[in-house]
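Source: prediction; values computed, not measured.
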Amino acid sequence: MGIKIIVDSTADMRPEVAAKVGIVPLSVQFGEKTYISGVDITAQQFYEMLAESEELPTTSQPAPFLFEEAFEQAVSEGHEVICLTCSGKLSGTHQSANIAAAEFDGKVHVLDSNTIALGLGILAEYAVDLAEQGLDPETILEKLTEKREKVRLLALVDTLEHLKKGG
C-alpha cells in the first residue's frame, strides 16, 4: 500500500510536484462570477483580474464532499492519504478536510500546514519525497510536523493598493 499526498489549491508547487499530488480546489469569486481555482482560472488570470477589479475577490473553502471524493479515489486505489491544508487560521479548508477524513477509519491523515502558498508547497514536496522513500504515515506526519515549524513565509507587495482595498 502506498501513500497519496493531497493538498488544497492554495499550495504553490513546481509542476513536477503538482503532478504527483491530489489537489482539492478552492473557489474564487470576482463580483458575481465564481471560478474553481486551477480549473476555471489560472494563477496568471487571477492576478490579471485582480489588477483590473474595483473590488477584491473572495475565496471559499472546499466543501467536505470535495475532499471526500479525493480521499475515496486514493483509498479505493489502495493508498493511505496524508492531506496537507492551508492554515486553519486563514481558512476553514482544514476543517472541511477533517470532516471528510472522519469517514475513512484512520486511512486519511490531515495536517494543518500553518502556512499557505509556497510554504504549503514546500511541505507538499517534502511529503512526496518522504512517501517515495517508503516511510509509514506516522513517520511522515512526525517529520512534516517538525519541518512545519521551520517553514517561514515572507510576502512582498508591489503596491499597497490591494492592502488598502482590503482594509
Undergrad: Are any of the side-chain heavy atoms of Ile140 and Ile3 separated by less than 4.5 Å?
TA: yes

Undergrad: Is Lys20 salt-bridged to Glu132, going by a charged N under 4.0 Å from an acidic O?
TA: yes

Undergrad: Sequence neighbours excluded, which residues qualify as side-chain hydrogen bond (donor to acceptor under 3.5 Å, both in side chains) partners of Thr93?
TA: Ser91

Undergrad: What residues form a side-chain contact (heavy atoms from CB on, under 4.5 Å) with Glu16, not counting sequence neighbours?
TA: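 side-chain contact (heavy atoms from CB on, under 4.5 Å) list for Glu16, sorted by chain: Arg14.
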
Undergrad: Run the salt bridge (charged side-chain N to carboxylate O under 4.0 Å, His left out) test against Glu32 and tell me which residues pass, sequence neighbours left out.
TA: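 So Glu32 forms no salt bridge (charged side-chain N to carboxylate O under 4.0 Å, His left out) with any residue.
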
Undergrad: Just jot down the side-chain contact (heavy atoms from CB on, under 4.5 Å) partners of Ser60, sequence neighbours excluded, or say none.
TA: Ser27

Undergrad: Scan the side chains in residues 63-74 for donor-acceptor partners under 3.5 Å anywhere in the protein, sequence neighbours excluded, and list what turns up.
TA:
residue, atom, partner, partner atom, Å
Gln73, NE2, Glu77, OE2, 3.4

Undergrad: Taking C-beta and beyond as the side chain, do Thr34 and Val28 meet within less than 4.5 Å on heavy atoms?
TA: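 No, side chains not in contact.
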
Undergrad: Checking Thr145 now: which residues fulfil side-chain hydrogen bond (donor to acceptor under 3.5 Å, both in side chains) with it, not counting sequence neighbours?
TA: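 None.
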
Undergrad: Which residues satisfy the side-chain contact (heavy atoms from CB on, under 4.5 Å) test with Ser9, sequence neighbours excluded?
TA: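 Residues passing side-chain contact (heavy atoms from CB on, under 4.5 Å) with Ser9: Ile23, Pro25, Leu26, Ser37.
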
Undergrad: Within the structure provided, determine whether Leu153 and Ile116 are in side-chain contact (heavy-atom separation under 4.5 Å).
TA: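 They are in contact (side-chain heavy atoms under 4.5 Å apart), so the answer is yes.
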
Undergrad: Does one hydrophobic cluster hold both Ile5 and Val110, with members joined at side-chain heavy-atom distances below 4.5 Å?
TA: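 Looking at the clustering, Val110 is in a separate group from Ile5.
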
Undergrad: Return the set of residues passing salt bridge (charged side-chain N to carboxylate O under 4.0 Å, His left out) with Lys147 (not counting sequence neighbours), or none when no residue passes.
TA: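 Listed in chain order: nothing, the list is empty.
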
Undergrad: Identify, with sequence neighbours excluded, every residue that meets side-chain contact (heavy atoms from CB on, under 4.5 Å) alongside Leu141.
TA: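 Once residues adjacent in sequence are excluded, the partners of Leu141 under the side-chain contact (heavy atoms from CB on, under 4.5 Å) criterion are Ile82, His109, Leu111.
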
Undergrad: Any idea which heavy atoms bring Lys4 and Gly22 closest together, and the distance?
TA: CE-N, 3.6 Å

Undergrad: Can Val108 and Val75 be said to form a side chain to side chain contact (heavy atoms under 4.5 Å, CB included), step by step?
TA: CA-CA 8 Å; Val108 176; Val75 169; 4.2 Å; yes

Undergrad: Linking I/L/V/M/F/W/Y whenever any side-chain heavy atoms sit under 4.5 Å apart, do Val17 and Leu130 land together?
TA: yes

Undergrad: Report the C-alpha separation of Val7 and Met13 in whole Å, then their side-chain angles, then the decisive distance to 0.1 Å, and conclude whether the side chain to side chain contact (heavy atoms under 4.5 Å, CB included) test is met.
TA: CA-CA 10 Å; Val7 299; Met13 299 172 284; 3.8 Å; yes

Undergrad: Answer whether the closest heavy-atom distance between the side chains of Leu123 and Arg148 falls below 4.5 Å.
TA: yes

Undergrad: Distance-only criterion, 3.5 Å: show the donor-acceptor pairs between side-chain atoms of residues 38-45 and protein atoms not counting sequence neighbours.
TA:
residue, atom, partner, partner atom, Å
Asp40, OD2, Ile36, N, 3.1
Thr42, OG1, Gln45, N, 3.1
Thr42, OG1, Gln45, OE1, 3.3
Gln44, NE2, Glu48, OE2, 3.1
Gln45, OE1, Thr42, N, 2.8

Undergrad: Applying ring-ring contact (aromatic ring centres under 6.0 Å, His included), which residue pairs with at least one partner in residues 35-59 are found, sequence neighbours left out?
TA: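 Residue pairs with at least one partner in residues 35-59: Phe30-Phe46.
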
Undergrad: Between Asp112 (side chain only) and Gly88 (backbone N and O only), is there a donor and an acceptor less than 3.5 Å apart?
TA: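 Yes: the side chain of Asp112 pairs with the backbone of Gly88.
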
Undergrad: With a 4.5 Å limit on heavy-atom distance, are the side chains of Ser96 and Gln61 in contact?
TA: yes

Undergrad: Is the closest side-chain heavy-atom distance between Asn114 and Glu149 below 4.5 Å?
TA: yes

Undergrad: Please determine which of Leu120, Thr115, Ile6 meets the side chain to side chain contact (heavy atoms under 4.5 Å, CB included) test together with Leu84.
TA: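 Running side chain to side chain contact (heavy atoms under 4.5 Å, CB included) over Leu120, Thr115, Ile6 with Leu84 returns exactly one hit, Leu120.
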
Undergrad: Excluding sequence neighbours, so at least two apart, what forms side-chain hydrogen bond (donor to acceptor under 3.5 Å, both in side chains) with Asn98?
TA: His94

